[in-house]
A.B. asks: 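Okay, handing you the structure first.
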There are 4 protein chains.
Amino acid sequence: MPKDQTAIHPRKRPRQARAAATFDAILEAAARILEKDGFDSVNTNAVAELAGVSVGSLYQYFPTKESILAELVRFYRNVLKEKVESAVAWGMDKTLEETIDLLLDAAVSHQLERPELALALEQVESILPLDNETLALTQTMVDNVEMLLSAHNVSNPGETSRDIVALARGIVDAAGLAKEIDQAAIHRRVRRAVFGYLS
Amino acid sequence: MPKDQTAIHPRKRPRQARAAATFDAILEAAARILEKDGFDSVNTNAVAELAGVSVGSLYQYFPTKESILAELVRFYRNVLKEKVESAVAWGMDKTLEETIDLLLDAAVSHQLERPELALALEQVESILPLDNETLALTQTMVDNVEMLLSAHNVSNPGETSRDIVALARGIVDAAGLAKEIDQAAIHRRVRRAVFGYLS
Amino acid sequence: MPKDQTAIHPRKRPRQARAAATFDAILEAAARILEKDGFDSVNTNAVAELAGVSVGSLYQYFPTKESILAELVRFYRNVLKEKVESAVAWGMDKTLEETIDLLLDAAVSHQLERPELALALEQVESILPLDNETLALTQTMVDNVEMLLSAHNVSNPGETSRDIVALARGIVDAAGLAKEIDQAAIHRRVRRAVFGYLS
Amino acid sequence: MPKDQTAIHPRKRPRQARAAATFDAILEAAARILEKDGFDSVNTNAVAELAGVSVGSLYQYFPTKESILAELVRFYRNVLKEKVESAVAWGMDKTLEETIDLLLDAAVSHQLERPELALALEQVESILPLDNETLALTQTMVDNVEMLLSAHNVSNPGETSRDIVALARGIVDAAGLAKEIDQAAIHRRVRRAVFGYLS
DNA sequence: GATGAATGAGTCTTCATTCAT
DNA sequence: GATGAATGAAGACTCATTCAT
């Protein structure tokens, strides 16, 4: 429910190694607190302490609490984005089925690596006033799937890609919430839903 | 990420008409703030003010802020639960297809009546330490679908029902987030995914 | 540390039997809460509930919370006052030793009947802005002892009576705090201190 | 009437000079309010304001209001404890009478330096859920007197020391309440009671 | 009279953010 | 640059007291 315009970007990207380490430590600390205790427990003092830096240092890199969480979203979405893009690139000369399997591997493993974190970050996305660029990262899955479907002449690729991504997310999220960990089983079930929808 | 045991139940259910009005006004005010400004903006002073009652009155009925939101979850889940149960009861001597259509009507219309609220309440469910009884309300959809599938001899009804509900929720949530309002269109797409999965 | 002038008296003394019962029930409820949970837990809602009356009724009899506690002090001090006065009256033609023993019986048994309450009421006395009349009740012991000592030609009866009462209270309070219950033993020890002082 | 387990210890002891000043200012402010307006007037906002610090700073050092008062008790009891211990140590090769005089000096002057505070702290002790360590400080007087009496072969030193301390406290408290300030006179009267008891 | 729902000032406590050292 | 002490606005909750029914 984005409303006001809190600063949502890091003050500066680190250039030197030590600064980068601090920057990353802060993000990782925020991630740990987020997955362990939830959004409401993420506070700048706790993050700084867990990161092993002072609040003052934290504020050297991040102007607001929101900017930390937004950057975390960016980081994780970016990892997924790259997996997805390379899967689609790789799949351009493969069958639709093969490529979708690769995409699902990417999506399922990404979600299940740190399932609590993945879930929490979805919450953060819906709470934070993210900018378009950041929201676009989340949109990546959909866009790439749409490209893929278009390339394979699937009809109505826009709506179809949105629905496929949505239903896949629905099943994977539910599995994450239910603490399921068998990625192969989840993959199989999502696959069934996706190809069912496409058929 | 339920952790501690905050009080999560109303202090007392209203007996008199005046009290019932206050009780309901508080829930409705919380719902309005939730759908308009999000979880973090729900604070007891704001809720009391919008409800047109004093904080003191609010605390006569609800021992904690959380208990208000939990009761809101209960209320809305209960509405859905009843729709779903009557749909399944009605459908016992109908075809699977007819019944699922009825269920999807219930689910889609429930979600789209107040889409922001529906989305926000899902967040609330994941944030609040709800008790089993309350969580069970949410489970209702799954249980009823499982009964239905069993009655129609669908194989592996447990997993199947969970997945169907999850994927439907995925598509409907995404539609809600995207501010889609054409219920028939959403119904059609969910239907496609559900029957695709079942086939 | 009496400061401002909160109303400290009942609104009216009950005339009819039913009213007297309510009045007493309120005092007894306050006493129970006081001895069980301490000064800070005495609140008008709790007192009314334990007394089995509505807050509204409570405020018919007592204009403020303080007036309840003040009346409780009055009531208990009055019981002691009467015991003490009759002991002194009885002792006018007895030996000093016999009379003091009777006084100590009164004092020790009064303190040990409801030891937690007795202790709590001493606290209340020091916290509440009691009026002179009420404080005078507490003064009764001292005044009567002074009369007694004068009648027996003890020198400096003013200071002596104050000290005797104070040291007796010191020992009895400590015994109460230590949850001692053997009244005879406590009596013996106080006696020793009193006659030691007098000798 | 200790019931629940509120945090009763400082969050951290100050390390730097500035921090120590803040810490002490908070304790002194609490002491001032306590002796001037009583227990019920000690609230964190008032303490912070009188200490000349922000509430936030107060809560850096003290996790709860209770922890401030508990620390105040610790501080003052510790001062007395040290006086008493050195008096007893000094008196080991002196007569009982000389040593008791020294002890009474310590006790009387300690109580009369800030008589309102001393009285209020006794109340605090009975209200707060102090831990054993803190309560033991108060017990120090008794233990030391017992050692002293044993060393001088007084019979039944346990009970005797408890009673002596109790009666002395009774007289000194009463003197404090009566706003007496002549320490020599009070000393003389307590002395009379103590040696009377011992004889 | 009795009832108990309603009021709101008053308190405790947290946490994002600043800034002196 | 880094540190962490300090700030204070904001929010949860209590309880003495009033008043409509």
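Lettering follows sequence order; numbering is per chain, from 1. Bear in mind the structure is a predicted one, so any value in this text is a computation, not a measurement.
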A.B. asks: Among F:dA16, E:dT3, F:dC13, which nucleotide sits nearest the side chain of B:N45?
C.D. replies: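 Among the listed nucleotides, the one closest to the side chain of B:N45 is F:dC13.
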A.B. asks: In terms of side-chain heavy atoms of D:V55, which of E:dT13, E:dA16, F:dA16 is nearest?
C.D. replies: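 Nearest to the side-chain atoms of D:V55, counting from C-beta on, is E:dT13.
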A.B. asks: May I ask you to say what B:Y61 touches in the nucleic acid, namely base, sugar-phosphate or nothing, with a heavy-atom cut-off under 4.0 Å?
C.D. replies: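 If one applies the 4.0 Å heavy-atom cut-off, B:Y61 turns out to touch the sugar-phosphate alone, with no base involved.
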A.B. asks: With respect to the phosphate group of F:dT17, does any side-chain polar atom (N or O) of C:Y59 fall under 4.0 Å of OP1 or OP2?
C.D. replies: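 Yes, within the criterion.
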A.B. asks: Of the listed nucleotides (E:dA9, E:dT7, E:dA2), which one gets closest to any side-chain atom of C:S57?
C.D. replies: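 The answer is E:dA2.
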A.B. asks: Verify the contact: side-chain N or O of B:K12 to OP1 or OP2 of E:dG4, cut-off strictly under 4.0 Å; return yes or no.
C.D. replies: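 Checking B:K12 against E:dG4: no side-chain N or O falls below 4.0 Å of OP1 or OP2.
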A.B. asks: Take atom CZ of B:R114 as the centre, draw a 6.0 Å sphere, and report whether it contains more than 12 heavy atoms from other residues, nucleotides or ligands.
C.D. replies: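 Yes, CZ of B:R114 has more than 12 neighbouring heavy atoms, counting only those of other groups under 6.0 Å.
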A.B. asks: Using OP1 and OP2 only, check whether a side-chain N or O of A:S54 sits under 4.0 Å from F:dG4.
C.D. replies: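 No.
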A.B. asks: Can you figure out which of F:dA9, F:dT18, F:dA12 approaches the side chain of B:N43 most closely?
C.D. replies: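 From the listed options, F:dA12 comes nearest.
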A.B. asks: Assign A:V42 to base, sugar-phosphate, or nothing according to its heavy-atom contacts below 4.0 angstrom with the strands shown.
C.D. replies: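 Counting heavy atoms under 4.0 Å across all strands, the contact made by A:V42 is with sugar-phosphate only.
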A.B. asks: Looking at B:I8 and B:R74, what are the two nearest heavy atoms and their distance?
C.D. replies: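 Taking B:I8 first and B:R74 second, the nearest heavy atoms are O-NH2, 2.8 Å.
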A.B. asks: If we only count heavy atoms from C-beta on, is the D:F75 to D:L121 side-chain gap below 4.5 Å?
C.D. replies: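 No. Closest side-chain heavy atoms not under 4.5 Å.
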A.B. asks: More 5' along DNA chain E: D:A46 or C:Q16, using each one's nearest nucleotide?
C.D. replies: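 Its nucleotide being nearer the 5' end, the pick is C:Q16.
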A.B. asks: Does A:R11 reach a base, just sugar-phosphate, or nothing at all? Heavy atoms under 4.0 Å.
C.D. replies: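 The residue A:R11 makes no contact with any strand.
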A.B. asks: Tell me which of A:D40 and B:V53 sits closer to the 5' end of DNA chain E, going by the nucleotide each one is nearest to.
C.D. replies: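 So the residue in question is B:V53.
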A.B. asks: Any side-chain N or O of D:T22 less than 4.0 Å from the OP1 or OP2 oxygen of F:dA5?
C.D. replies: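 The answer is no; no side-chain N or O of D:T22 sits under 4.0 Å from OP1 or OP2.
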A.B. asks: If you only use heavy atoms from C-beta on, which nucleotide in E:dG1, E:dC12, F:dC13 is closest to the side chain of C:Q60?
C.D. replies: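 For C:Q60, the side-chain atoms sit closest to E:dG1.
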A.B. asks: So, does B:T44 get its side chain near the phosphate of F:dG11, meaning an N or O under 4.0 Å from OP1 or OP2?
C.D. replies: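 False: B:T44 side-chain N/O out of range (4.0 Å or more) of F:dG11 OP1/OP2.
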A.B. asks: Keeping B:T64 on the side-chain end and B:A7 on the backbone end, is there a donor-acceptor pair under 3.5 Å?
C.D. replies: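 A pair under 3.5 Å: yes.
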A.B. asks: Nearest 0.5 Å, please: how far is CG in D:D37 from CZ in D:R32?
C.D. replies: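 These two atoms lie 12.5 Å from each other.
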